[in-house]
Structure formats: structure tokens, C-alpha cells
Amino acid sequence: MRIAVAGGTGTVGAHAVQFAERAGHEALVLSRARGVDLFSGDGLDLTGVDAVIDASGPSARLSSTEFFGSVTRHLLRAEQEAGVAHHIALSIVGAANAPFGYYAGKALQERLVVEGAVPWSILRATQFFEFAERNVKQLGRVILAPSMRSQPLAAASVGEMLVEVASGGPCGVLPDLAGPEEMRIADVARAVAQARGESRRVIEIPLPGGFGRALRDGSILPAPDANLVGPTLREWLG
């Protein structure tokens, strides 16, 4: 089958492309590097595509609601015109429970997909190990990490699951996808720094407002029926 991957050069999307090709599918990468502007819709042609995986993410110049609202609308319109049978959206565990900041864009994305005319699946995943350093601010020998409970996992595991979902039929909201261990993001940052031989001090900082509270109180932890997948952080670092 022909699977288009929006954000196919990104952290998760690149893995999805690799797993799709490894499974014998044809992968169509939708990204600026391939002449497709997802935000404006320029160059977006889904002719002959069977399923679309949306693993895209915004640049720093756009808010999450601006980006995911525009991209999702363009994808769904192009899919409907081309007769695409399955739209798979990658969302975040807790986006519906804590629609603040970046999560507000993912909550909007989910709503547009559910209300759209294209048959759909939504996969909510926890944070990725790869984003540990991107979620912290380094100040010399000090790393500031948000006070945050999570059950992180490897981006490759998410990419593999997205392709598995795309290979089947639409199934609505899937069980949460999460790693096998609950951890604090500060501890993930400490483990990554230590594995890289860095002696930086990690300081955990509580973020303000409803978003910060949701990060701390367990609102973004996976549901009891979540699909837990490896590797563990120790295995991933190895």
C-alpha cells in the first residue's frame, strides 16, 4: 500500500518511513524538504495514497494551534479529494485532559480529525526519550527541567506502531502508547547527561498555570489500559 507520512523527516516520521518501507509499503514523505508545505497546503498531492500518517510538528515561529489547525485541515481536504481511506493522527497522552500551551494544538488536531469526513485513527503517545534534552534549558553547567511526570518511550517504537495502525483499517482512538516505566523528565535528563559523560546539574522547575499543574499531577500519564512498549531508558541509552 502507499502510505504518506506528514513530517516524514522528523523525529517520529523518519522512523515511520523506515518501518513502512521495511514492511514493503511505498512511503511518500510530506515535508518542505520534499516540496510540500503542510501549513499552506502548497505541493500537497495525495493521489494514489491509501493512508496518511500525520507525525508533523510546528516550527518555533508558529503556535501549536495555528500549525495543527492549518495542517490538519489541509490534509483532510486533500485526503477527501484524493479518496484516501485512512487518516492516522499522532497525538499526545493527556492533550484532551490538559489543553494548554502546546497541548492545545494537539487537542484541536484531535477534534478536527474526529469531526472530519475521512475515516480515522488517533494514537496518543507519551513523551519521547529523544526530546529529553529539547525539554530542558541549559545554562552553563546547569540544566533546568520542567517538573513533569511521564512514562517516556523511544520515537522508533511510536513510528513502528503508526505503520502498524496504517496497515489496518480505521479504529478511532487507540489505547495510549507509553514506555514501561514512569519517570520524571528531570531524571531522564540526568540519565542522558550521565550517559554522554556530562557532569551538568539538573534542577527541576515547576511551570506555572494549568499546564504546569497538569504536568505535575499525573494528568498526562497513560490510562490503565495503555499499550506499554520497550525499550526502557537504560536499554535505549545502551
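Since the model is a prediction, treat every value here as computed from it, not as a measurement.
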Response to the item:
Taken in chain and number order and not counting sequence neighbours, the residues that satisfy side chain to side chain contact (heavy atoms under 4.5 Å, CB included) with Arg34 are Val29, Ser31
Worksheet item: With a 6.0 Å cut-off on ring centres, are Tyr102 and Phe68 close enough?
Response: yes
Worksheet, complete the sentence: Those residues at least two apart in sequence (or on a different chain) that pass side chain to side chain contact (heavy atoms under 4.5 Å, CB included) with Leu228 are Gln151, Ala178, Ala226
Discussion item. Under a plain distance cut-off of 3.5 Å, with no hydrogens placed, do Ser147 and Arg184 share a side-chain donor-acceptor pair?
Written reply: yes
Response to the item:
Residues passing the side chain to side chain contact (heavy atoms under 4.5 Å, CB included) test with Ala82, sequence neighbours excluded, are Leu46, Val84
Could you list the donor-acceptor pairs under 3.5 angstrom formed by side chains in residues 187-195, with sequence neighbours left out?
residue : atom : partner : partner atom : Å
Asp187  : OD1  : Arg190  : NH1          : 2.7
Arg190  : NH2  : Val202  : O            : 3.1

Item to complete: Look at Arg32 together with Asp37 and state whether they make a salt bridge at an N to O cut-off of under 4.0 Å.
Response: yes
Worksheet item: Can you name the residues that form a side chain to side chain contact (heavy atoms under 4.5 Å, CB included) with Glu21, not counting sequence neighbours?
Response: Val17, Ala27
For residues 87-95, tabulate all N or O donor-acceptor pairs below 3.5 Å that involve a side-chain atom, not counting sequence neighbours.
residue : atom : partner : partner atom : Å
His87   : ND1  : Glu79   : OE1          : 3.0
His87   : ND1  : Glu79   : OE2          : 2.7
Ser91   : OG   : Glu110  : OE2          : 2.6

Item to complete: Compare every heavy atom of Val165 with every heavy atom of His86, then report the nearest pair and how far apart it is.
Response: CE1-O, 3.3 Å
Discussion item. With no hydrogens and no angle check, just 3.5 Å: does a side-chain donor-acceptor pair link Thr11 and Glu130?
Written reply: no
Item to complete: Could you pull out the closest heavy-atom pair between Thr126 and Pro152, with the gap in Å?
Response: OG1-CA, 3.9 Å
